[in-house]
Engineer: 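What follows is a single structure, and I will ask about it in a moment.
Each chain gets a letter, A, B and so on, in the order the sequences are listed, and its residues count up from 1.
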There are 2 protein chains.
Amino acid sequence: MTHSEENYIKAIFHLASSGIDVISTNAVAEKMETKPSSVTDMMKRLSEKGLVHYKKYQGVSLTPLGTKTALSIIRKHRLWEVFLVEKLGFAWDEVHEVAEQLEHIKSEKLIDKLDELLSFPKFDPHGDPIPGKNGELMEHDSQVLGQLPIGSVALCVGVKDSSAVFLRFLDRNSIALGNKMKILEKEEFDNSLRILIDERELHISQQIASNLYVKKIEL
Amino acid sequence: MTHSEENYIKAIFHLASSGIDVISTNAVAEKMETKPSSVTDMMKRLSEKGLVHYKKYQGVSLTPLGTKTALSIIRKHRLWEVFLVEKLGFAWDEVHEVAEQLEHIKSEKLIDKLDELLSFPKFDPHGDPIPGKNGELMEHDSQVLGQLPIGSVALCVGVKDSSAVFLRFLDRNSIALGNKMKILEKEEFDNSLRILIDERELHISQQIASNLYVKKIEL
DNA sequence: ACAAATTTTTAGCTTTGTCTAAATTATTTA
DNA sequence: TAAATAATTTAGACAAAGCTAAAAATTTGT
Ligand SMILES: [Mn+2]
Ligand SMILES: [Mn+2]
Ligand SMILES: [Mn+2]
Ligand SMILES: [Mn+2]
């Protein structure tokens, strides 16, 4: 598999996990930042190779082999992200770009040993689950902060948007994974929240609240 | 720079260090395991980019920029090899292939931090010097084992041939970097040697002896 | 149901990096 | 030094991965 093929497979996997039922050529083109015509070409190639189901005008989906491939690339991507943060001291907003390159390195042993070096982490620096060697993907039983009722207490376990801009915003406001959050007040007008993070009180917009994954703590 | 361009630059650098004065199209083709016509094409492209001096039929050489580029790739290659051995427990005959891929990852910060994680190593697992951030290349003041006179004592500091076959041969015979070696006898007929490695006596062919770098110990 | 708008595909072109076969230049050898 | 041999370049082709523009299919709106 070429880097490009791997990137398409990964994109299709992410589109599929995001809940869309039928994955259109345009959707893939947008995610890949390429043209629909290029996508059509690639879908034919991936279909040849048995990685996707593809019928003209009908959208695309991953075959079992395609899914396995996607999970293996995502596993590598996320393990490398953990490595960059834990072993090399990268910030969580710096790792994605480099992991995009590292995820394409081909060596089963490399990734197994890396997993071991990192003590078999279950989540990447953004709280996303790391697929196992055999493609088992842990299910985050988390919800979005914005959906909690007033008075709830929860732990921050992940970010939905892991763009550098958002991550740096969180850094500036000292919001990190593991923080305990309590919903104090919800503004009807714009759905913004007043929350308590550890000891600190903070006002965050609905936008922010809907990009933080939390796990409720039962009291 | 593409992976392919980087690989050509590295090949030319290695040919140049191996003492040949004029680097022919055929020599590059052989090293790259490609066809001379492909080399000609690539030399034109690299020349365009200011990385090599190239005149039809005259052979090729690296420009200062080309040399700097080569050293940077070699630095990455060797640092990754150290990482694979020291941090992931790879054997020294398993690292080259993976390092061939890793050397193309683009991130200045990654390589600086890796260097730091490894405590700024000066040599790779095969005894080859690791170029510095600014392209300084340490000079091995070593010689080949086969050239020592009888009775000399020396430390094994590197291998000339770092193919997996040779490295595994050394493993099987428990020959490793750092071993102390004494020349006991030299066979006139085939230049084979009887040597003492640490406490053990061993008979090695001229082939083997000419692929081990040693540093003489003055008595 | 039919026209308009949108989506998707096709056709044809580009670049990179490769190849084979043919032509050209350089080097050896007789 | 002239022919033979070897090295190198050129010409033409191909596959991967992209693009633009045009054609075709699907979906939407009235
Ligand atoms: Mn990422
Ligand atoms: Mn990628
Ligand atoms: Mn190597
Ligand atoms: Mn390489």
Engineer: About how many Å separate CG of B/Leu212 and NZ of B/Lys160, when rounded to the nearest 0.5 Å?
Structural biologist: 11.0 Å
Engineer: Round to a whole Å and report the spacing from CG of B/Leu46 to P of C/dT18.
Structural biologist: 11 Å
Engineer: Mind calculating the distance between CD (B/Glu5) and P (C/dT18) to the nearest angstrom?
Structural biologist: 10 Å
Engineer: A/Leu46 and side chain to side chain contact (heavy atoms under 4.5 Å, CB included): which single residue from A/Leu51, A/Thr69, A/Leu62 fits?
Structural biologist: A/Leu51
Engineer: Between B/Ser4 and C/dT16, does any side-chain N or O lie under 4.0 Å from OP1 or OP2?
Structural biologist: no
Engineer: On DNA chain D, compare the nucleotides closest to B/Gln58 and A/Thr2; which residue's is nearer the 5' end?
Structural biologist: B/Gln58
Engineer: Using a heavy-atom cut-off of 4.0 Å across all strands, would you classify A/Ser38 as base, sugar-phosphate, or nothing?
Structural biologist: base
Engineer: Just compare C/dA26, C/dT8, C/dT16 and give me whichever is closest to any side-chain atom of B/Arg45.
Structural biologist: C/dT16
Engineer: For B/Glu33, does the CD atom sit with more than 12 other heavy atoms under 6.0 Å from it, leaving out its own atoms?
Structural biologist: no
Engineer: Quick one: sort the A/His126 and A/Trp92 rings into parallel, tilted or perpendicular, breaks at 30° and 60°.
Structural biologist: parallel
Engineer: Evaluate whether atom NZ of A/Lys186 has more than 12 neighbouring non-hydrogen atoms of other residues, nucleotides or ligands under 6.0 angstrom away.
Structural biologist: yes
Engineer: Is the phosphate of C/dT6 approached by A/Asn26 (side-chain N or O, under 4.0 Å from OP1 or OP2)?
Structural biologist: no
Engineer: How many Å lie between CE on B/Met42 and P on C/dT15, as a whole number?
Structural biologist: 16 Å
Engineer: When we call it a touch if two heavy atoms are under 4.0 Å apart, what does A/Ser37 touch: a base, just sugar-phosphate, or nothing?
Structural biologist: base
Engineer: What is the separation between atom NZ on B/Lys35 and atom P on C/dT20, rounded to the nearest whole Å?
Structural biologist: 5 Å
Engineer: Hey, does the side chain of B/Thr34 come within less than 4.0 Å of C/dC19's phosphate (OP1/OP2), counting only N and O?
Structural biologist: yes
Engineer: Return the value, rounded to whole Å, for the distance between atom CE of B/Met43 and atom P of C/dG17.
Structural biologist: 11 Å
Engineer: Earliest and latest nucleotide of DNA chain D, 5' to 3', sitting under 4.0 Å from a non-hydrogen atom of chain B?
Structural biologist: D/dA7 to D/dT10
Engineer: Counting only side-chain nitrogens and oxygens, does A/Lys56 get under 4.0 Å of the OP1 or OP2 atom of C/dT10?
Structural biologist: yes
Engineer: Under 6.0 Å from the CD atom of A/Glu30, do we count more than 12 heavy atoms belonging to anything else shown?
Structural biologist: no
Engineer: Is the phosphate of C/dT18 approached by B/Tyr8 (side-chain N or O, under 4.0 Å from OP1 or OP2)?
Structural biologist: yes
Engineer: What's the CE-C1' distance between B/Met32 and C/dT16, to the nearest Å?
Structural biologist: 14 Å
Engineer: Inspect the contact between A/Lys109 and A/Glu116 and indicate whether a charged nitrogen and a carboxylate oxygen are less than 4.0 angstrom apart.
Structural biologist: no
Engineer: Should A/Lys44 be listed as having a side-chain N or O under 4.0 Å from OP1 or OP2 of C/dT10?
Structural biologist: yes
